[in-house]
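Here's the structure we're looking at; comments come further down.
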Amino acid sequence: MSRKAVVIGAGVAGILAAAALAPVVDRVVVLDRDALPDGPEHRKGVPQGRHAHLMMAGGLEAMDALVPGTDMREHLLAVGAHEIHLSRDMIALTPEGWFHRWRRREHPMITCSRALLDWAVRTAVLDGRTGIEIRQAQVIDLLGSDERVTGVRVLADGAEESVEADFVVDASGRGSRIVRWLERLGIDDIPERTVDTGLVNSTRIYRVPPGAEEWPLTLVQPRPHTGEPGRSGMIVPIEGGRWMVSLGGSRGGEPPKDPDAFVRYALALPHPVVGQLIAGAEPLTQVFTSHSTSNARRYLEKAPAWPDGLVVLGDALATFNPSYGQGMSVAAMGARILARNVHRRWGGPGLARRIQRELAKPVEGAWTLAVSSDVLYPDVIGGEPTASDLLAAKYSKRLTRAATGSYAAASALWDVTSLRAAPTRLMRPGALLAALNGPSLPPLSGPPLTPEEHEILAGLARGAKTAGDPVAP
């Protein structure tokens, strides 16, 4: 008998879910309300689409497993993405000081625009695979009962129709209506939690100044322990010789949309390096802002009942403060969990519930990292920090301080943030000892730039001053 699966959503999570299902079904229909572009172009159905996106090492490994025969790292680099090693190619001011830079090429991640990533993943998955079909349609409900989902109800070309399926995956993103759909099937009391710092992201694309083509990823992190709004800034190299510059501010410290104020905000961060770099750079776009930044989680694994034939993953399951850059990587890891289980246990009773419970594991790690910091900001919506939140924050503060001058501590942090290890990695003896001993190298008084990078920064500052743009002293 022919097997058919439906995936709701054609973003990275949905396309990777289709890749997970394709080897075990005859046909996968991917439904999306947007018409997908033929190339790496922005589409309005992606709320954070114009802002910085990172593919962590854990997510890249998951994609490699889902798309056999394609080296996703090489594929992404070939179409213009950049590879950044956190240990060497990043200058970062943490709340505890500057990270040292090390010569080791470790803890890689991929940086590019969201439009390029979506297109590159989609072309890699669809290349040579005839069993995956993408169709423009809006899913309006699930078909079936509280025991089994048998398809979806869609609106396409102005008419409603039913699309039957043996398996349905909801990867429709932050705006998923999965809780409402489940309630109509008789499944309610789904626990949910939102932690919202009021973060606003403002992003603008700049042309990379001549000579700065190899400039490292630059990050000024927010400070969650001061009782003041968190303010941050980052410069991410993307395709086409461009920098994606994103400023973030929690409630009460939101970054502006005005272009001149954008630079002033960057210069007023705890260190002005981001503002100094862009003050004389050529802007290529307007300033885009986004408020879709809250941490929101649906604890579907705790539902009192769960229908066979339905799995929810990606942002439809949980969204994270985008400052931590883990959402797409968690989605890729979720698709890998889906692939492993459907390959081994297709048709077995309780398969969907088993998968849903397993999907909670990578979500939990990213959720803990984001929420344990975000609850510390003033006026956060979603509850006061718990005793465990405060304990985790205290330990994180100490470990981060050690990581400013200890490779053992920094490596532990990067293992977790790159999703190569669970948060328990931070409690292993080596990490605990590093946190206890503190940094072995003296603190840095400024960003750890090479002599060549110092000259580039000085040149940009001189150029901005000549042009009359604001430059911090």
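Source: prediction; values computed, not measured.
Salt bridge status for Glu96 with Arg223: absent, with no side-chain N to carboxylate O gap under 4.0 Å. In summary, Arg177 and Asp170 do not engage in a salt bridge, as defined by a charged side-chain N under 4.0 Å from a carboxylate O.
A cation-pi arrangement, defined by a distance under 6.0 Å to the six-membered ring centre and an angle within 45 degrees of its axis, is absent between Arg3 and Phe167.
Note: Tyr407 and Trp102 meet the aromatic proximity criterion, with ring centroids under 6.0 Å apart.
The closest side-chain donor-acceptor pair between Ser87 and Arg104, if any, does not fall under 3.5 angstrom.
For Ser396, the side-chain contact (heavy atoms from CB on, under 4.5 Å) test picks out Thr400, with sequence neighbours left out. Taking the ring pair (Phe, Tyr, Trp, His ring centres under 6.0 Å) definition, one finds that His100 meets it with nothing, sequence neighbours left out. Evaluation of the ring pair (Phe, Tyr, Trp, His ring centres under 6.0 Å) rule for Phe99 yields Trp414 as partners, not counting sequence neighbours. Remark: Phe288 pairs with no residue by the ring pair (Phe, Tyr, Trp, His ring centres under 6.0 Å) rule, at least two apart or across chains. Residues passing the side chain to side chain donor-acceptor pair (under 3.5 Å) test with Arg425, sequence neighbours excluded: Asp415.
Note on residues 356-373: pairs passing salt bridge (charged side-chain N to carboxylate O under 4.0 Å, His left out), not counting sequence neighbours, are Arg297-Glu364, Arg340-Glu358.
Applying side-chain hydrogen bond (donor to acceptor under 3.5 Å, both in side chains) to Ser113 and the options His42, Glu41, Glu239, Arg242 leaves one that passes, Glu239.
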